[in-house]
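Both counts, for ligands and for their atoms, begin at 1 and track the order of listing.
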Amino acid sequence: MSSSSFHSFETQAVHAGMDYIQGSVCLPIFQSSIYKLKGDEDSSEIQYIRSNNTPTQLSVSRKIAALERGEVALVTSSGMAAISNALLTFLCNGSHLLAQSNLYVGTQNLIIKKFPELGIESDSIVLDSPEDWHQKIRKETKVIYVETVTNPTLEIGDLKSVVSFAKEHNLISIIDNTFATPINFNPLSLGFDLVIHSASKYLNGHLDLVAGCVVGTQKMIGPILERLNYTGSCLDPHACFLLSRGMETLALRVHQQNQNAMRVATFLEAHAQVERVIYPGLISHPQHSRAKALFRGYGGILCLELAGDIQQTKRFLDSLQIPLMAPSLGGVRTLITQPAATSHSKTISSKRKELGISDKLIRISIGIESPEDLITDLSESLDKLSGK
Ligand code: PLP
């Protein structure tokens with residue numbers, strides 16, 4: 001089915017990209033690494049798994065492109081493979097990058113620790129402050145790189161201004177849309193050049209694979225595909241099958257996660273044992289009106305801080321029954337972490353403070369369980385703290 005036949009996310013999540021080859025209603029895993037030549041192709045048309053052009057890879061790529069409202073998509077062996085290959089396609093020795101100050105730690109370390117070894121310089125920018133970007137841009141600046149929603153503090157930058165700034169200065173604008181998912185937000189429709197996902201998270205949704213993707217126009221994706229062929233960052237056909245199957249329920253899952261997270265956030269915000277809740281759907285969120293204007297849903301991630309000390313936080317985490325303590329997100333099951341002890345454990349504490357990550361901060365990635373059960377579990381664990 002062509003991705004233009006139906007426009008709703010629910011239908012596209014199921015049907016887009018599928019060829020129903022030989023009548024197969026599920027995506028076949030074409031495990032063949034190489035394909036028979038027809039005799040008239042040039043070398044660029046040879047089908048090989050590393051070239052990311054075999055039927056299972058192409059099918060899942062078409063599904064992602066349809067959902068992200070892009071011309072084409074490319075699947076990669078991880079989210080970091082998507083990020084590093086995309087950035088290194090447009091940056092080289094001597095070029096400069098503007099990158100949001102509080103990016104996912106892996107991306108941040110790549111840019112700050114590894115890019116200087118290649119002669120690529122960067123400046124971190126505050127996403128709410130266009131004056132800051134104007135001060136930091138140089139004639140060598142080629143790319144501006146941001147995330148839709150930051151991790152773990154869930155800030156939402158001035159994304160419209162990022163797009164117009166990029167266009168004004170001829171920069172390539174790249175956005176990591178992992179947290180929002182294409183169900184809640186399509187950055188290409190706002191004018192971004194490239195969208196990236198860690199497909200290990202919401203797109204797959206079952207916490208059983210690592211994958212990534214980049215979406216954009218044929219013109220932008222072509223050179224990334226060429227680089228991917230050299231770096232060998234392709235996605236295995238079996239992982240493509242799992243990703244495609246996971247994506248069939250993406251819309252259902254994300255709708256449920258949006259609703260669950262809103263209910264849980266509202267419950268927590270009203271609880272006496274809770275000092276602070278961060279969730280873009282709450283009016284108390286500093287960029288709530290921006291989130292409302294940009295997104296179709298507020299997502300499945302929320303953060304909280306309890307009123308008590310760090311020991312209370314630990315007791316709370318230990319007594320929860322449903323959320324599993326694990327440092328990932330976007331899956332069907334609720335996961336909970338303390339970023340200061342996991343993703344940001346290697347960040348020095350003054351920097352953590354600057355980023356708004358206190359030792360007590362808890363991040364919850366809400367799953368698709370019943371919101372009543374989640375709230376009961378949270379409520380019972382909070383009650384235990386006050387000796388109820
Ligand atoms: N982008 C974001 C926002 C992430 O949270 C992560 C991983 O947690 C990545 C990218 C990297 O993705 P992967 O683990 O699939 O390489």
- Using non-hydrogen atoms of the residue, decide whether His197 is closer than 4.0 angstrom to ligand 1. no
- Quick one: which of Leu302, Ile366, Thr334 gives a side chain to side chain contact (heavy atoms under 4.5 Å, CB included) with Asn260? Ile366
- Task: Return yes or no for this condition: an N or O of Gly79 is under 3.5 Å from an N or O of ligand 1.
- Result: yes
- Closest approach of Gln273 to Ser386 (non-hydrogen atoms, all atoms of both residues): NE2-CB, 2.8 Å
- Is the side chain of Thr178 donor-acceptor paired with the backbone N or O of Ser198 at a distance under 3.5 Å, no angle test? yes
- Where ligand 1 meets Ile83 - atom numbers and elements under 4.0 angstrom, heavy-atom basis: 10 (C)
- ligand 1 to Glu147 polar contact by distance, N or O atoms, under 3.5 Å: no
- Task: Specify the protein heavy atom at minimum distance from atom 11 (C) of ligand 1: its residue, its atom name, and the distance to 0.1 Å.
- Result: Tyr104 CE2, 3.5 Å
- Note on the structure: atom 12 (O) of ligand 1 has as its nearest protein heavy atom Ser198 OG, 3.0 Å
- CG/Leu87 to NZ/Lys142 distance, rounded to the nearest 0.5 angstrom? 14.0 Å
- Task: Provide the number and element of each atom of ligand 1 under 4.0 Å from a heavy atom of Asp176.
- Result: 1 (N), 2 (C), 3 (C), 10 (C)
- Pi-cation contact, Phe9 with Arg296 (under 6.0 Å, within 45°): no
- Met80-ligand 1 polar pair, N/O distance under 3.5 Å: yes
- Item | Contact check, Ala211 vs ligand 1, heavy-atom distance below 4.0 Å | yes
- If you take all heavy atoms of Thr76 and Cys213, which pair is closest and at what distance? OG1-N, 3.6 Å
- Query: Numbering the atoms of ligand 1 from 1, which are under 4.0 Å from a heavy atom of Lys201?
  - Reply: 6 (C), 7 (C), 8 (O), 12 (O), 14 (O)
- Is any N or O atom of Ser200, backbone or side chain, closer than 3.5 Å to an N or O atom of ligand 1? yes
- Message: So, taking the atom named OG1 in Thr107 and the one named CG in Asn102, what distance separates them when rounded to the nearest 0.5 Å?
- Response: 11.5 Å
- Query: Which one holds for Thr107 and ligand 1: side chain close, backbone close, both close, or neither close, with close meaning a heavy atom under 4.0 Å?
  - Reply: neither
- Counting only N and O atoms by type, is there a donor-acceptor contact under 3.5 Å from the side chain of Gln57 to the main-chain atoms of Ile49? yes
